[in-house]
Amino acid sequence: MDVSSSPAQQDVVVVGGGHNGLVAATYLAKAGRSVLLLERLPATGGAAVSTRAFHGVDARLSRYSYLVSLLPRKIVDDLDLRFAVRRRRISSYTPHGDAGLLVDAEDSARTREQFVRLTGSERDFDAWQRFYAMTGEVARRVFPTLTEPLPTRAELERRVGDATAWEALFERPLGETVEATFSDDVVRGVVLTDALIGTFTHAHDPSLRQNRCFVYHVIGGGTGDWDVPIGGMGAFTDALAAAARAAGVRIVTGAEVTAIATDGKVAEVTYEDVEGGGTRTVGARDVLVNASPHALAGLLGAERPPRPEGAQLKVNMLLRRLPRLRDTSVDPREAFAGTFHIAEGYRQLQTAYEQAAAGRVPDAPPSEIYCHSLTDPSILSPELAAAGTHTLTLFGLHAPARLFATDPQRVKEELLAATLAQLDAVLAEPLADCLATDADGRPCLEAKSPLDLEREVGLPGGHIFHRDLSWPYADEDADADRGGNADAAGGNGERLAHVDVTQATGRWGVGTGYANVFLCGAGAVRGGGVSGVPGHNAARAVLERAR
Ligand SMILES: Cc1cc2nc3c(=O)[nH]c(=O)nc-3n(C[C@H](O)[C@H](O)[C@H](O)COP(=O)(O)OP(=O)(O)OC[C@H]3O[C@@H](n4cnc5c(N)ncnc54)[C@H](O)[C@@H]3O)c2cc1C
């Protein structure tokens with residue numbers, strides 16, 4: 001399309017109002033740009049929202065994402081966000097028969113006792129301490145680089161400065177390190193789960209996607225801690241939307257972008273006004289795309305890459321009371337305050353992966369549970385809090401979209417039943433007895449498959465990170481293909497014909513091959529998770545280009 005004569009009506013159009021689109025828009029508006037943000041849904045926030053999920057019940061659940069680790073303090077400060085997180089004292093609890101493993105982040109003597117009780121010796125506790133001291137040091141060194149121009153692989157390796165750590169995390173399949181470091185199956189499983197969140201893979205995958213997932217799960221905040229957003233995840237994106245508006249961003253919801261045309265200097269963005277009806281077109285100097293790379297290809301009329309595949313079941317529940325545990329040595333208020341692992345032994349994880357990869361619902365679907373209201377009761381009405389009501393979030397692993405292809409509802413019910421049976425097996429009373437009911441007398445429980453997430457939030461294939469996570473360094477081969485840093489200052493117009501527009505790269509890892517179209521969402525290099533990082537980096541790329 002010839003867009004050379006269309007006047008730029010906006011400095012910047014942002015396609016999508018997920019948290020990353022809001023971060024990018026706010027940075028750019030604060031830098032003096034006119035910014036229009038177009039969001040398909042009736043509200044902003046994307047996969048980072050809170051909702052009253054159950055009819056007549058005043059509990060604001062983080063419907064999709066629920067914990068914060070990767071959000072740099074710098075973004076909260078730069079954008080003057082009224083938002084805070086709270087640390088969880090208990091990092092995890094893993095039931096095992098009538099016993100279990102409680103990891104208390106503030107009491108290493110207690111944690112040591114727990115390891116001895118479960119494994120019969122101090123060996124795995126000592127290995128645990130050394131292993132997480134190593135990842136903590138890597139976190140301290142790597143996390144600050146996420147909001148700097150992309151380092152090369154060699155630069156990042158120098159920054160890590162520890163050949164053993166580099167090899168364990170960046171070069172060898174994580175399973176090798178886990179097996180060489182820990183001997184107990186439960187302990188190995190707890191470590192491995194961070195490599196499998198939202199990522200359908202296994203410990204020895206030669207592509208190392210499990211390592212990439214693991215790295216992002218242990219570097220957040222420079223510590224690897226996963227914190228509770230006070231007021232729920234919606235409090236974060238509400239604060240962002242308020243900051244965006246205060247900075248002058250025009251936010252239009254119910255606006256689905258259907259096409260982007262660009263000559264590299266000026267762009268035209270076409271969108272459907274979902275409520276008012278009709279098609280509109282707006283001109284812009286730069287376009288930032290918060291939608292997935294898969295969607296971006298469609299918007300640019302380029303060839304779409306293979307659809308990513310999400311692999312999780314998300315269940316939101318409200319309980320009248322916390323269930324009692326078979327392991328009577330642990331108070332449920334502690335066990336559910338951290339990440340509560342179910343059927344996540346190392347061998348169980350492998351079996352579940354193999355069964356799901358073969359197209360079956362796993363016999364023992366692995367999952368993890370956590371109770372937000374134990375750390376932050378502010379998401380409940382005072383009446384619910386006083387009555388002892390609690391939220392419960394379950395994130396199930398190894399539930400790839402392919403399982404749901406032919407009979408989505410039946411498979412979801414089968415998977416939900418099998419998952420809850422694994423939970424019931426470690427409880428002293430059935431979970432069903434503890435579920436609250438809504439105003440219509442229905443149990444307060446909702447389950448989301450990858451297909452639901454695709455339909456509701458637009459996650460391609462239900463992939464929670466828009467696609468598999470990338471290494472946090474430059475893909476030098478892709479950059480060479482493009483003749484240099486495609487998102488750098490002065491990138492020159494026409495896209496190279498053979499370049500895959502979805503292969504984000506360039507100085508900030510947000511380039512698309514078009515000098516004025518940038519990815520600002522989870523699919524960018526160093527995107528994925530609730531971080532604001534790709535939003536920040538896309539804004540930096542735009543501001544540098546303008547210099
Ligand atoms: C069930 C679940 C649990 C998760 N748990 C966690 C967690 O605890 N912690 C964590 O850090 N991460 C978690 N994640 C991942 C995290 O939520 C996402 O990676 C992150 O929210 C992505 O943010 P984003 O702004 O880049 O994209 P999104 O949140 O996907 O937002 C993209 C926005 O673009 C809009 N859009 C798309 N196409 C168009 C179009 N054509 N026109 C206009 N608008 C469009 C969408 O409607 C959406 O609002 C979870 C995700 C899910 C689904």
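Keep in mind the model is a prediction, meaning the values are calculated, not measured. In listed order, ligands and their atoms are each counted from 1.
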Option among Leu394, Asn316, Leu420 that satisfies the side-chain contact (heavy atoms from CB on, under 4.5 Å) test with Leu445: Leu420
Side-chain donor/acceptor of Ser92 to backbone N/O of Phe340, under 3.5 Å: no
Which of the ligand 1 atoms, numbered from 1, are nearer than 4.0 Å to a heavy atom of Leu38: 43 (C), 44 (N)
Residue, atom name and distance, where the atom is the protein heavy atom closest to atom 41 (N) of ligand 1: Val257 O, 3.0 Å
Atom indices of ligand 1, in the order listed, that fall short of 4.0 Å to a heavy atom of Ala255: 42 (N), 43 (C)
Protein heavy-atom partner closest to atom 15 (C) of ligand 1 - residue, atom, separation in Å: Ile464 O, 3.5 Å
Atoms of ligand 1 close to Lys314 [distance to a heavy atom under 4.0 angstrom, numbered from 1]: 1 (C)
For a quick test of your reading: what N or O donor-acceptor pairs under 3.5 Å do the side chains of residues 521-533 make, sequence neighbours left out?
from: Arg526; atom 1: NH1; to: Thr145; atom 2: O; distance (Å): 2.7
from: Arg526; atom 1: NH1; to: Glu148; atom 2: O; distance (Å): 2.9
from: Arg526; atom 1: NH2; to: Glu148; atom 2: O; distance (Å): 2.8
from: Ser531; atom 1: OG; to: Val533; atom 2: N; distance (Å): 3.0

Heavy atom of the protein closest to atom 28 (P) of ligand 1 (residue, atom name, distance): His466 NE2, 3.7 Å
Selection from Leu240, Val274, Leu67 by shortest heavy-atom distance to atom 9 (N) of ligand 1: Leu67
is_close_aromatic(Tyr93, His341), centroid dist under 6.0 Å: no
Pair Glu39, Thr253: side-chain N/O donor-acceptor within cut-off below 3.5 Å: no
For atom 44 (N) of ligand 1, closest protein heavy-atom neighbour: Arg40 N, 3.1 Å
Thr147-His536 side chain donor-acceptor pair, cut-off 3.5 Å: no
Numbering as shown, the atoms of ligand 1 that approach Asn20 to under 4.0 Å (heavy-atom distance): 23 (O), 24 (P), 25 (O), 26 (O)
Asp286 (side chain) donor-acceptor with Val14 (main chain) under 3.5 angstrom: no
Main-chain N/O of Ala48 paired to Thr237 side chain as donor or acceptor, under 3.5 Å: yes
Ser34 side-chain N/O to Asp11 backbone N/O, donor-acceptor pair under 3.5 Å: yes
Residue portion contacting ligand 1 (non-hydrogen atoms closer than 4.0 Å) for Trp226: side chain
Region of Thr44 that comes within reach of ligand 1 [heavy atoms, distance under 4.0 Å]: neither
Numbered atoms and elements of ligand 1 in range of Ala291, under 4.0 angstrom, heavy atoms: 37 (C), 38 (N)
Ligand 1 contacted by Leu459 (non-hydrogen, < 4.0 Å): yes
Protein heavy atom at shortest distance from atom 31 (O) of ligand 1: Gly18 CA, 3.4 Å
Distance from atom 36 (N) of ligand 1 to nearest protein heavy atom, with residue and atom: Gly16 CA, 4.1 Å
Under 3.5 Å side-chain donor-acceptor pair for Gln348 and Glu344: no
Donor + acceptor pair across side chains of Arg88, Thr339 (<3.5 Å): yes
Options Gly535, Gly529, Ala48, ranked by nearest heavy atom to atom 20 (C) of ligand 1, top entry: Gly529
Salt bridge (Lys or Arg N to Asp or Glu O under 4.0 Å) evaluation trace for Lys448 with Glu446: CA-CA 7 Å; Lys448 309 276 182 198; Glu446 64 167 18; 3.8 Å; yes
Among Ala522, Ala43, Gly310, closest by any non-hydrogen atom to atom 22 (C) of ligand 1: Ala522
Protein contact to atom 48 (C) of ligand 1 [nearest heavy atom, distance to 0.1 Å]: Glu39 OE1, 3.5 Å
Any pair counted as salt bridge (charged side-chain N to carboxylate O under 4.0 Å, His left out), so long as it reaches residues 237-257, sequence neighbours left out: none
Test of proximity, Glu256 against ligand 1: N or O pairs below 3.5 Å: no
Atoms of ligand 1 close to Phe395 [distance to a heavy atom under 4.0 angstrom, numbered from 1]: 3 (C)
Part of Lys448 with heavy atoms under 4.0 Å of ligand 1, whether side chain, backbone, both or neither: neither
Tyr66 and His372 aromatic centres sub-6.0 Å: no
Proximal ligand 1 atoms for Leu41, defined as those under 4.0 Å from one of its heavy atoms: 47 (O)
Distance-only polar pair, side chains of Asp475 and Thr505, donor-acceptor under 3.5 Å: no
Heteroatom proximity flag, Ala47 to ligand 1, N/O under 3.5 Å: yes
Gly521 neighbourhood, listing ligand 1 atoms whose heavy-atom distance to it stays under 4.0 Å: 26 (O)
Shortest protein contact, atom 13 (C) of ligand 1 (heavy atom only): Ser65 CB, 3.3 Å
